[in-house]
Amino acid sequence: MKIATYNVNGVNGRLPVLLRWLESSAPDVVVLQELKAPDTRFPADAIADAGYQAVWHGQKSWNGVAILSRVGEIHETRRGLPNDPDPAQSRYIEAAVNGVLIGGLYLPNGNPRPGPKFDYKIAWFEALIAHADGLLASGLPVMLAGDFNVMPTELDVYKPERWTDDALFAPEIRAAYARLLDQGWTDALRKLHPGETIYTFWDYFRNAYTRNAGLRIDHLLLSPPLAARLVDAQVDREVRGWEKTSDHAPVWIELADK
DNA sequence: ATGGCTGGGCGCCCCAGA
């Protein structure tokens with residue numbers, strides 16, 4: 001089973017690119033972030049025509065997350081994190097699909113730091129860590145996937161020294177990510193590509209993509225039963241070079257059948 | 001160190017993103 005995460009940066013503006021990528025990459029399950037659309041404007045028909053069922057948690061203008069499947073029914077288990085510090089922001093959706101429980105998330109950006117947005121990022125992260133602990137304790141095959149807005153290590157930033165005070169790379173944010181992993185999650189991309197420079201985001205500014213001035217901020221975290229089935233993990237990097245593309249590239253993993 | 005680009009909104013500029 002191939003499971004992907006993709007921050008589309010506007011699901012309607014990105015629809016041609018999204019459909020083209022669904023066809024070429026053929027993921028079985030997808031989590032989307034930054035829909036930037038209210039529930040009533042989610043392009044469910046076009047996505048259904050492409051062969052995917054969907055559940056979505058939208059919001060006008062900003063945020064918004066969804067889960068797509070072409071391998072059977074999506075059983076939604078929750079929308080919004082327990083104890084979300086601002087439930088008006090649509091940043092979390094969770095569902096069981098084809099025997100895997102998937103939490104799709106869009107963690108707050110948090111800039112500028114310090115400030116209320118950074119405080120919100122910390123609070124949201126703490127709520128995620130608390131919920132993730134319960135997910136792991138269930139012993140189920142679970143994954144957390146999405147845009148974490150965290151570069152875990154210096155290897156995940158093109159110029160780490162420029163990002164030390166940024167909300168995506170600040171010490172307390174990296175520490176929170178490390179605490180999450182220490183619960184027992186496996187960072188799938190890093191597990192299969194240790195020591196490799198891998199990015200999932202390139203700024204629209206300054207030809208960041210052609211210069212490969214990127215960040216690795218989109219992650220797929222696996223609970224032990226899923227980590228044992230991990231056979232491949234890649235970034236669909238070329239999608240970032242398409243016309244009218246998102247500033248993120250899709251990231252995916254392949255899980256062996258049980 | 002700054003400003004560069006893009007999507008969405010009730011829009012002919014501003015906000016947020018990372």
Side-chain angles (χ1 to χ4, degrees), chain A residues 5-21 32-43 46 56-66 85-86 88-92 104-122 124-125 128 146-174 176-177 189 197-219 235 237 239-251:
Chain A
T5 178
Y6 186 19
N7 180 323
V8 289
N9 188 13
V11 71
N12 286 304
R14 203 68 61 215
L15 194 56
V17 165
L18 174 62
L19 296 174
R20 177 181 171 190
W21 168 72
L32 299 177
Q33 304 86 39
E34 280 210 86
L35 303 179
K36 293 186 169 180
D39 282 340
T40 51
R41 301 240 177 98
F42 183 81
W56 58 95
H57 182 30
Q59 182 185 335
K60 191 169 120 181
S61 304
W62 296 299
N63 310 315
V65 287
D86 181 5
Q89 300 193 29
S90 299
R91 296 182 175 275
Y92 188 83
L105 65 102
Y106 176 44
L107 210 137
N109 174 301
N111 277 307
R113 167 181 174 271
K117 291 191 172 183
F118 188 70
D119 295 341
Y120 175 61
K121 181 175 196 171
I122 293 284
W124 205 94
F125 218 145
L128 176 65
D147 179 356
F148 284 69
N149 272 316
V150 181
M151 295 87 88
T153 72
E154 298 203 338
L155 186 57
D156 303 308
V157 201
Y158 67 102
K159 280 204 196 279
E161 66 278 8
R162 286 196 190 173
W163 291 84
T164 46
D165 295 325
D166 191 277
L168 279 70
F169 196 55
E172 56 270 50
I173 291 299
R174 276 186 275 169
Y177 186 86
L189 265 281
T197 297
I198 303 171
Y199 301 136
T200 66
F201 167 91
W202 297 262
D203 219 306
Y204 287 125
F205 311 147
R206 294 167 300 193
N207 294 316
Y209 180 62
T210 47
R211 295 187 299 118
N212 198 28
L215 310 172
R216 191 174 75 94
I217 55 178
D218 301 274
H219 308 301
V235 179
R237 199 182 182 286
V239 175
R240 180 62 183 80
W242 292 357
E243 285 295 311
K244 298 285 288 177
T245 201
S246 171
D247 39 8
H248 295 249
V251 188

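All values below were derived from every heavy atom in this structure, side-chain atoms included, with hydrogens, water molecules and symmetry-related copies excluded. Order of the sequence lines sets the chain letters (A, B, ...), proteins ahead of strands, with each chain counted from 1. What you are looking at is a predicted structure, and each value in this text was computed from that prediction instead of being measured.
Across the P atoms, B:dT2 and B:dC12 are found 29 Å apart, a figure rounded to whole Å. Atom C1' of B:dG4 sits at a distance of 22 Å from the matching atom of B:dG9, rounded to the whole Å. The P atoms of B:dT6 and B:dG11 are separated by 23 Å, rounded to the nearest whole Å. The gap from the P atom of B:dA16 to that of B:dC10 amounts to 14 Å, rounded to the nearest Å. As rounded to the nearest Å, B:dC14 and B:dA1 have P atoms that lie 27 Å from one another.
Not a single side-chain hydrogen bond (donor to acceptor under 3.5 Å, both in side chains) links A:D39 to another residue, sequence neighbours left out. With sequence neighbours left out, the salt bridge (Lys or Arg N to Asp or Glu O under 4.0 Å) criterion links A:E154 to no other residue. By the side-chain hydrogen bond (donor to acceptor under 3.5 Å, both in side chains) test, A:T200 is found to be paired with A:D218, residues two or more places apart in sequence or in another chain being considered. Residues passing the salt bridge (Lys or Arg N to Asp or Glu O under 4.0 Å) test with A:R91: none are found, sequence neighbours excluded. With sequence neighbours excluded, no residue forms a side-chain hydrogen bond (donor to acceptor under 3.5 Å, both in side chains) with A:Y158.
When the side-chain nitrogen and oxygen atoms of A:R162 are compared with OP1 and OP2 of B:dA1, none of them lie within a distance under 4.0 Å.
Using modelled atom types, one side-chain atom of A:Y204 and one backbone atom of A:D247 make a donor-acceptor pair closer than 3.5 Å.
Computed from coordinates, the A:W202 CH2 to B:dG4 C1' distance equals 19 Å when rounded to whole Å.
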(request) Let me have a per-nucleotide readout for nucleotides 13-18 of chain B, 5' to 3', with B, S or -, counting only protein heavy atoms under 4.0 Å. (result) ---SBB

